[in-house]
Number of protein chains: 4
Amino acid sequence: MATAKQNTKRRQEQIAQATLALVAEHGLAACNVAAVARRVGLVPSALYRHFRNKDHMLDAAVEVIQSKLLDNVRAVCARQTHAIERLHDLLQQHVQLIKKSRGIPQVIFSPDFYVDRPQRRARVCDGIRQYLAAVADMIREGQATGTIRPGLDAETAAVLFLGLVQPSAVLWNLSSGKFNVARHAEKAWPLFVQILTTG
Amino acid sequence: MATAKQNTKRRQEQIAQATLALVAEHGLAACNVAAVARRVGLVPSALYRHFRNKDHMLDAAVEVIQSKLLDNVRAVCARQTHAIERLHDLLQQHVQLIKKSRGIPQVIFSPDFYVDRPQRRARVCDGIRQYLAAVADMIREGQATGTIRPGLDAETAAVLFLGLVQPSAVLWNLSSGKFNVARHAEKAWPLFVQILTTG
Amino acid sequence: MATAKQNTKRRQEQIAQATLALVAEHGLAACNVAAVARRVGLVPSALYRHFRNKDHMLDAAVEVIQSKLLDNVRAVCARQTHAIERLHDLLQQHVQLIKKSRGIPQVIFSPDFYVDRPQRRARVCDGIRQYLAAVADMIREGQATGTIRPGLDAETAAVLFLGLVQPSAVLWNLSSGKFNVARHAEKAWPLFVQILTTG
Amino acid sequence: MATAKQNTKRRQEQIAQATLALVAEHGLAACNVAAVARRVGLVPSALYRHFRNKDHMLDAAVEVIQSKLLDNVRAVCARQTHAIERLHDLLQQHVQLIKKSRGIPQVIFSPDFYVDRPQRRARVCDGIRQYLAAVADMIREGQATGTIRPGLDAETAAVLFLGLVQPSAVLWNLSSGKFNVARHAEKAWPLFVQILTTG
DNA sequence: AATGAATGAGAATTCATTCAT
DNA sequence: AATGAATGAATTCTCATTCAT
């Protein structure tokens, strides 16, 4: 039962990850302090040395998601230069993220996270907007270099890009993993490319 | 305080609606038996004459959503005959449903509804599949009558149809109603038509 | 364990009394919800049907004290007409109250009751002021009828009247009941009469 | 954050004073080990090098009060020789003590200090008895030198002396400092002198 | 069919205290 | 002598549910 002592920085990370994993796997309701503590290998009260209260743990969990999303954007931008390639790569990364950290998008879309918690709502809203803005930027770059047709509204297309993966993520979850997210993405991608290019 | 006695059928409807409204407006966590009872105008213990337990109330709430979605399908099929018109109409109905019964889609996508409740999960999954199947049917009908290009995969396009509205619904919720769902739908619709028609 | 059901009015009284008794006998720190419940013969959570929270229980306990003090005043006024007799009677009632509801005055003087609870502080302060005002009124009546010397400041004498019993109450408590409050009151009373009459 | 190391004797004094100050200012409930440590400028666990446990810290705090009271007695005896002057001086010192170290008397009268702590109770009881004995001695000295009337019971008068200041101390606390303790003492003093002298 | 009292299982949080460093 | 992490007990409060009336 006794775990080796770790410093607060390390523990905070562990707790944030455990919180996120619990919410993703068993839902917000099942994510209680005792369960988080068990997962970290501590006693419930021990968590309060590292976080003021449960709310702060959930905030930290949200941060983890945000950074993963934006990490994807950065990685893709570093890896690809061509706009459409970038978008394709990002789509695949997003799919991987969903499959790896199961349920992360659902966490974001879970209203219970936000009711009576306007700051967190604003925080997440901002994170998604940043993601959308990054996608829109990629599209505009493509327009600038002539690979994407100029008439297209970048913002609308960016939201649609999210729509490429979001419904299938939901289906994947509801079907307990039977729906093939990656395959749907592969099949939907050409349709999206058509929107980007054909006019 | 004393409410006129109502027969069980009527009460069950009231309770299901109250449950749904509460979840939609304040989240699953805020939807407790006492709150539902208050909304119906009864005392908590009174609900147990009409439902075995809270879980059954939530099941009833899910039914309400399902039927609203399928009602939309039926209404649209009755009203429109042209495939693309039908899809356009359905899109608008969906947007209306989201704006009217605020957050209903989020309820469906709320993982807390399903964890450790495989029957409910299956039920909702089935409901969405039916909705998707109906959309795919519309597309196939369009292909049969020549208004939609034959090469298109109906299932993939149906999921994409959901993606037309789902991300914007999330944005609408997160932004506390500032994001304009209807306008996004209007702007995204031509892009979807392009997928349906241009080859 | 199962206790016969009682209506809320009755339960509130029982809870207030149990709370007061606990504080008086074992101190504020020992007065937790579980202990109160045990004393009433209920389960802790049952108390929350009758009181919003522990604070409201403590408020009710304070009310009980207040009313006992003012009941004494009323009873004495009804029983005696002569000012000095009244004061003597009130002194004896006060002594009885202390011995019967052991520690009540200590409750009033316990600072933990008031920290960060300004309303309660004001409430108790008001109660004591009323008691003091009643005593001062008795003194002024004595002055009007000529049994108490006119030069005496009624307010000062009223506070001193409290001083007749308060220190001995403390000593009684600290000495675990060995200090004889009644005897001290008897011996101190002539000294107070001297103040009232001799000029 | 790191505090210079101090020897235990010095630390014990600091801790006792901090404990007392906390109880006096915010009540016994707010006086937890963490708060004491913060006030001293240490970390909670550090206190346990200087005191076996919290109880011993509270005992030390009680000692501080005791010695302050008896210091007053000694100082007054050194300063004044005439009995009545001594008592007047002591009264003023007591009033000063109350105003300076806000709430110290209340600490003494706080039952939570004593419940289930018979040794502490006995200790405080003894301290007050010593104080009372000192006052009674002053009175008897006055009787020996003829400045106080011989018929007066010294013990009863000593308790009454406490009553001169105690109720007003309570009122001062409850009224959040609005009640004027010093003025009441001034006005009550002549009445007490009357008891001491007039027969 | 509806009410109001009661229950019991948890939930979050606080706090004194211990222990390795 | 002092720190920071960890523990375990206690406490307040919430909530689904049962039961007698």
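Chain letters run A, B, ... following the sequence lines, proteins first, then strands; residues in each count from 1.
Of all non-hydrogen atoms in A/Val64 and A/Ala16, the two that sit nearest each other are CG2-CB, 4.0 Å. Closest of all the heavy-atom pairs between C/Val40 and C/Ala18 is CG2-CB, 3.7 Å.
In terms of modelled atom types and a separation under 3.5 Å, the side chain of D/Gln12 and the main chain of D/His50 share a donor-acceptor contact. Checked by atom type and distance alone, the side chain of A/Gln66 pairs as donor or acceptor with a backbone atom of A/Arg123 at under 3.5 Å. No donor-acceptor pair under 3.5 Å is formed between the side chain of C/Gln6 and the backbone N or O of C/Arg11. Not one N or O on the side chain of C/Lys68 forms a donor-acceptor pair closer than 3.5 Å with the backbone of C/Ser101. Side chain of B/Asn53 to backbone of B/His56: a donor-acceptor contact under 3.5 angstrom is found. The main-chain N or O of D/Phe113 is found under 3.5 Å from a side-chain atom of D/Arg120 such that the two form a donor-acceptor pair. In this structure, the side chain of D/Gln14 does not engage the main chain of D/Lys9 through any donor-acceptor pair within 3.5 Å.
Note: CZ (D/Arg38) to P (F/dG4) measures 14 Å, nearest angstrom. Put simply, CG on A/Asn32 is 5 Å from P on E/dA12, counting in whole angstrom units. Rounded to an integer number of Å, the gap from A/Gln14 CD to F/dA5 P is 12 Å. Taking atom CD1 on A/Ile15 and atom P on F/dA6, their separation rounds to 8 Å, with Å as the unit. Distance CG (A/Leu42) to C1' (F/dG4): 13 Å, rounded to an integer number of Å.
If A/Thr8 and B/Tyr48 are placed on DNA chain F by their nearest nucleotide, the residue sitting closer to the 5' end is A/Thr8. Both B/Ala46 and A/Val33 sit near DNA chain E, but only B/Ala46 has its closest nucleotide nearer the 5' end.
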Please report the C-alpha distance between A/Asp55 and A/Arg117 in whole Å, then the side-chain angles of each, then the deciding distance to 0.1 Å, and finally whether the salt bridge (charged side-chain N to carboxylate O under 4.0 Å, His left out) criterion is met. CA-CA 9 Å; A/Asp55 243 55; A/Arg117 220 107 5 178; 2.5 Å; yes
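Contacts between residues 49-58 of chain A and DNA chain F, defined by a heavy-atom separation below 4.0 Å, involve A/Arg49, A/His50, listed by number. Within residues 18-29 of chain C, no residue has a heavy atom under 4.0 Å from DNA chain E.
Closest to the D/Arg11 side chain, of the nucleotides E/dA11, F/dA2, E/dA6, is F/dA2. For C/Gln6, the side-chain atoms get nearest to E/dA6 when compared with the rest of E/dG8, F/dT7, E/dA6. When distances run from any side-chain atom of A/Val43 to the nucleotides F/dG8, F/dG4, E/dT7, the shortest one goes to F/dG8.
Counting heavy atoms from C-beta on, the side chains of C/His26 and C/Cys31 never come closer than 4.5 Å. Between B/Val33 and B/Tyr48 the shortest side-chain heavy-atom distance falls below 4.5 Å.
The salt bridge (charged side-chain N to carboxylate O under 4.0 Å, His left out) pairs that include a residue from residues 25-45 of chain B are B/Glu25-B/Arg39, where partners are two or more places apart or lie in different chains.
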Which atoms of nucleotides 19-21 of chain F (N or O only) lie under 3.5 Å from a protein N or O atom, and what are those distances?
residue, atom, partner, partner atom, Å
F/dC19, O2, C/Lys5, NZ, 3.1

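Every stem involving DNA chain E, taken as at least 3 paired positions in a row under the Watson-Crick or G-U wobble test at 3.5 Å, is listed here: E:2-21 with F:2-21.
Residues satisfying the salt bridge (charged side-chain N to carboxylate O under 4.0 Å, His left out) criterion with A/Arg52, sequence neighbours excluded, are absent altogether.
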